[in-house]
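Protein chains get the first letters and strands the later ones, always in sequence-line order, with residue 1 at the start of each.
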Protein chains: 2
Amino acid sequence: MQNPNTQGKSMEELNLFLQEHGVKPSYQRTRIYEYLLNHMTHPTVDEIYQALADQIPTLSKTTVYNTLKAFMDAQLVRMVNIEEHEARFDVDLSTHGHFKCEKCGHIYDFELDMSEFKSDFLKTFLIKEKNIHFQGVCSKCLSASDQH
Amino acid sequence: MQNPNTQGKSMEELNLFLQEHGVKPSYQRTRIYEYLLNHMTHPTVDEIYQALADQIPTLSKTTVYNTLKAFMDAQLVRMVNIEEHEARFDVDLSTHGHFKCEKCGHIYDFELDMSEFKSDFLKTFLIKEKNIHFQGVCSKCLSASDQH
DNA sequence: TTTCAACGTGTAATCATTATAATATGAATA
DNA sequence: TATTCATATTATAATGATTACACGTTGAAA
């Protein structure tokens, strides 16, 4: 068992999945996609690279960039621009919002019902992506600072 | 008349406005705020700098950064992180969404009624900012590409 | 086996942003 | 008026994420 935390998906299954979505599989690509599946915490390029560099000593950060770009082109991954300086990535393609806590830095997902959203102004626009980014203090940090 | 496009606000009025909002006025700060008022097109740091460098030859880009930070701290300006690599700035503090056209790059404002938005998950969170960034193709570019 | 395109890698370049240090400013005070 | 002191402005250098580039590898098709 080489990769324990694969959420039940074998390398072969992942390869097939990538292939079906127009991404030619490779060891690096499969392992990066696997990482994204097992760490749905909106990781940065560096986090992905650092985590995999141990197991794939030859891995290059450029490969992580290239792979994420390929995933984005194939609509397998979405870029999350909630951080000021660093891009984050999300395999969850469902419509959901992101909340960034200013205290602990954690990024939470929250459900979002956009079905009732209507905009006269945008009705003649082609909307491809909807990014909803909230910011503030999460409940955990709020109750922590309540202590006196 | 030194600064023609001031939307009717004189330097003195702008100085007073800044002062009332906790920002100590200076020539540079007033001119930068004036620029933001007259160009509500979500300009980048560089756009602001380039536009004012002619009129204020000693202006430093660092000053533009520092000033925008001061404005943000004073809640006079909001950063718009809709661009992948460059921050944009908005003096319009009302709740509204931004739409970026992939073709022409223009960033549109659109009205947004968040009053009916409810989230069980976030009800214990302190929400300080709500950023709504849509992306796609604007009506102008759509009809332009319809031509055959 | 040859070929050829695509992929992966390491290095260098780019570019927005931030840090730093020196100078200028301007109000308060002596 | 001269002095002081905090703050603002500026130029330069440093940082750090991202991209460009060149080269070596791979892997499938012919």
Side-chain angles (χ1 to χ4, degrees), chain A residues 11-12 14-16 18-19 21-35 42-74 76-89 105, chain B residues 11-12 14-16 18-19 21-35 42-74 76-89 105:
Chain A
M11 292 290 274
E12 291 73 30
L14 292 174
N15 282 340
L16 191 62
L18 290 181
Q19 208 150 19
H21 288 79
V23 176
K24 203 185 291 184
S26 76
Y27 182 64
Q28 289 85 340
R29 289 176 173 181
T30 308
R31 294 301 306 278
I32 290 171
Y33 190 73
E34 178 195 41
Y35 180 87
H42 329 92
T44 63
V45 167
D46 198 61
E47 282 167 1
I48 299 169
Y49 172 75
Q50 294 298 338
L52 293 178
D54 285 343
Q55 307 163 45
I56 314 173
T58 64
L59 184 65
S60 161
K61 201 178 272 191
T62 305
T63 298
V64 181
Y65 277 104
N66 291 339
T67 300
L68 288 171
K69 183 169 187 333
F71 288 171
M72 286 176 64
D73 290 347
L76 288 178
V77 151
R78 284 179 51 180
M79 188 185 285
V80 181
N81 280 321
I82 201 170
E83 215 73 75
E84 209 160 317
H85 295 314
E86 220 173 350
R88 294 184 168 274
F89 296 88
Chain B
M11 293 290 273
E12 292 72 31
L14 292 174
N15 282 339
L16 192 62
L18 290 181
Q19 207 150 20
H21 288 79
V23 175
K24 205 186 289 184
S26 75
Y27 183 64
Q28 289 85 339
R29 289 175 174 181
T30 308
R31 294 301 306 279
I32 289 172
Y33 190 73
E34 178 195 41
Y35 179 86
H42 329 92
T44 64
V45 167
D46 199 60
E47 282 168 1
I48 299 168
Y49 172 74
Q50 295 298 338
L52 292 179
D54 285 342
Q55 306 163 46
I56 314 172
T58 64
L59 184 65
S60 161
K61 200 177 273 191
T62 306
T63 298
V64 180
Y65 277 104
N66 291 340
T67 300
L68 289 170
K69 185 174 187 327
F71 288 171
M72 286 177 64
D73 290 346
L76 289 178
V77 151
R78 284 179 52 180
M79 188 185 288
V80 181
N81 280 321
I82 201 170
E83 216 73 74
E84 208 161 317
H85 295 313
E86 218 173 352
R88 294 184 169 274
F89 296 87

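- Within the nucleic acid shown, A/Ser26 comes within 4.0 Å of sugar-phosphate atoms alone, with no base atom in reach, counting heavy atoms only.
- Taking the side chain as every heavy atom from C-beta outward, A/Glu83 and A/Thr44 never approach each other to under 4.5 Å.
- Across all strands shown, B/Thr63 has heavy atoms under 4.0 Å from base atoms, whether or not it also approaches the sugar-phosphate.
- The side chain of B/Gln28 sits closest to D/dT9 out of D/dT19, D/dT7, D/dT9.
- Nucleic acid contact for B/Lys61: none, since no nucleic acid atom lies under 4.0 Å from a heavy atom of the residue.
- When heavy atoms are screened at a 4.0 angstrom cut-off, A/Thr44 is found touching no nucleic acid atom at all.
- Protein atom CG of A/Leu52 is 16 Å distant from nucleotide atom C1' of C/dT9, rounded to whole Å.
- Here the C1' atom of nucleotide C/dA16 and the CD atom of B/Gln50 are 14 Å apart, to the nearest Å.
- Of the two residues contacting DNA chain D, namely B/Arg29 and A/Asp46, the nearest-nucleotide position lying further toward the 5' end is that of B/Arg29.
- Note on A/Thr62: every side-chain N or O is 4.0 Å or more away from OP1 and OP2 of C/dT9.
- Among C/dG10, D/dT10, D/dT18, the nucleotide with an atom closest to any side-chain atom of A/Ser60 is C/dG10.
- Under 3.5 Å, the side chains of A/Tyr27 and A/Arg31 contain a donor-acceptor pair of N or O atoms.
- Of all heavy-atom pairs between B/Arg29 and B/Phe71, the closest is O-CZ, 3.4 Å.
- With rounding to the nearest 0.5 Å, the separation of CG in B/Asn15 from OG1 in B/Thr30 is 4.0 Å.
- In this structure, B/Leu59 and B/His85 both approach DNA chain D, and ranking their closest nucleotides by distance from the 5' end singles out B/Leu59.
- Contact annotation for B/Asn66: base contact, defined as any heavy-atom pair under 4.0 Å involving a base atom.
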